[in-house]
Amino acid sequence: MNTTELEATVRAMIARGKGLLAADESSGTIKKRFDSIGLESTEANRRDYRQMLFTTEGLEQAISGVILYDETIRQRTDDGRTLVSILQAKGIVPGIKVDKGTVPMAPGSAEKVTEGLDGLAKRYEEYYQLGARFAKWRAVYSITDQLPSWRNIRLNAQGLARYAAITQQSGLVPIVEPEVLMDGAHTIERCFEVTEAVQHAVFDALVAEGVVLELMVLKPNMVISGKDCPVQASAQQVAEATVRCFRRTVPAAVPGIMFLSGGQGDVQATENLNAINAMGVQHPWVFSFSYGRALQAPALKAWGGKKENVAAGQRALLKRARLNSAACRGEYRPEMEQAA
Ligand code: 13P
């Protein structure tokens with residue numbers, strides 16, 4: 001294992017005041033996003049959209065890395081440069097989503113397991129050549145009164161751990177993403193309970209698989225109320241519950257915890273991250289962001305699929321990236337929404 005290179009990649013990813021842009025939507029997911037602006041999901045439109053995002057001037061001040069999808073890591077701009085080279089020229093580290101999505105754990109099961117381990121080491125040879133220096137694998141857990149089951153928690157933890165080990169052996173930094181979904185009417189306390197159980201199982205499996213904890217990044221959900229819960233926890237409550245949960249479960253050797261947004265509103269995701277970093281407590285980890293929707297939603301809307309709106313889309317992206325950068329330092333203020 002090339003520890004020096006992995007170490008340098010981790011340091012770049014968690015650089016102070018920076019986070020990741022998750023732009024690794026699969027073809028199915030990006031179609032849903034494009035549907036919201038009435039745009040057809042063609043290869044050219046997907047390329048134009050990602051080109052718009054990546055060529056944003058100044059993006060590197062707030063974004064340390066971008067997670068790409070298999071199609072995107074091979075695409076070129078309209079003037080022939082690879083999208084990867086645009087990022088590299090800004091000093092932004094390219095990464096790649098390598099899981100192949102989820103399938104039911106058993107026929108008819110509501111629970112999901114993630115696929116994509118077969119041939120993974122071989123796939124990394126090409127991804128590394130194409131410029132990827134980190135990778136992402138996502139497991140999902142739904143909350144009900146009974147779920148997730150222990151079996152589901154264990155299976156997903158094993159998948160994440162095996163993936164993380166292969167990733168490090170292949171010279172890339174693994175982002176380990178166990179996502180406890182916000183869907184449902186559950187309370188923040190229930191989210192705490194499930195997230196705690198999930199993280200315990202994930203780290204148990206990572207250690208058993210020999211994953212070097214210093215050379216990975218965790219991408220978890222925040223501990224938060226279900227979307228349909230009648231009582232919505234405040235940013236302060238989310239911050240306290242989230243930090244308490246990770247202090248119980250995440251070894252101090254892990255350098256960075258970079259949250260997913262998971263359906264939080266864009267401003268809400270910034271406020272919650274800010275509250276976590278403004279607690280005035282020393283933590284062993286960098287708390288930062290790896291947002292998809294919370295960074296992209298305003299940019300997608302401002303762009304609307306139109307060439308003449310590229311600059312507006314980029315302004316919207318840069319605004320959210322900068323405000324999240326401020327949140328990484330605990331320096332975000334609501335007034336900054338207008339000022340930006
Ligand atoms: P969201 O921030 O939209 O949840 O996306 C992050 C991600 O990468 C999900 O896998």
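Numbering of ligands and ligand atoms starts at 1, following listing order.
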Compute the shortest N/O to N/O distance between [X] and ligand 1 and return yes if it is under 3.5 Å, no if not.
| X | answer |
| --- | --- |
| Gly262 | yes |
| Tyr291 | no |
| Glu177 | yes |

Q: Test side chain to side chain donor-acceptor pair (under 3.5 Å) on Tyr163 and Gln168 and set out the steps.
A: CA-CA 9 Å; Tyr163 140 80; Gln168 289 184 339; over 6 Å; no
In terms of side-chain heavy atoms, does [X] have a donor or acceptor partner in [Y] at a distance below 3.5 Å?
| X | Y | answer |
| --- | --- | --- |
| Thr114 | Asp99 | no |
| Asn45 | Glu40 | no |
| Thr55 | Gln314 | yes |

Q | Working for ring pair (Phe, Tyr, Trp, His ring centres under 6.0 Å), residues Phe287 and Phe246 | A | CA-CA 11 Å; Phe287 281 121; Phe246 292 117; 7.0 Å; no
**Q.** Subset of ligand 1 atoms that lie under 4.0 Å from at least one heavy atom of Ala22
**A.**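 Once the distances to Ala22 are compared, the set is 6 (C), 8 (O).
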**Q.** ligand 1 atoms in contact with Asp24 (distance to a heavy atom under 4.0 Å)
**A.**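 Under 4.0 Å from Asp24, ligand 1 has these atoms: 8 (O).
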**Q.** Listed once per pair and sorted, the salt bridge (Lys or Arg N to Asp or Glu O under 4.0 Å) pairs that draw on residues 246-260, sequence neighbours left out
**A.**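 Qualifying pairs: Glu196-Arg248.
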Q.
Just to verify, which of Arg47, Arg50, Arg46 counts as forming a side chain to side chain donor-acceptor pair (under 3.5 Å) with Glu71?
A.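 Of Arg47, Arg50, Arg46, side chain to side chain donor-acceptor pair (under 3.5 Å) with Glu71 is met by Arg46 alone.
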Would you say [X] contacts ligand 1, with heavy atoms under 4.0 Å as the rule?
| X | value |
| --- | --- |
| Gln296 | no |
| Leu295 | no |
| Lys219 | yes |

Q | ligand 1 contact on Arg293 by region, counting heavy-atom pairs under 4.0 Å | A |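 The answer is both.
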Q: For atom 1 (P) of ligand 1, grab the closest protein heavy atom and report residue, atom and distance to one decimal in Å.
A: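 Ranking protein heavy atoms by distance from atom 1 (P) of ligand 1, first comes Ser261 OG, 3.3 Å.
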(Q) Tell me the protein heavy atom at minimum distance from atom 10 (O) of ligand 1, and give that distance in Å. (A)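 Answer for atom 10 (O) of ligand 1: Lys136 NZ, 2.6 Å.
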Q. With ring centroids as reference points, do Phe34 and Tyr49 lie under 6.0 angstrom apart?
A.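 Ring centroids of Phe34 and Tyr49 are less than 6.0 Å from each other.
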Q | Minimum non-hydrogen distance to atom 5 (O) of ligand 1, winning option of Ala294, Gly292, Gly263 | A |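 Nearest option to atom 5 (O) of ligand 1, by heavy atoms: Gly292.
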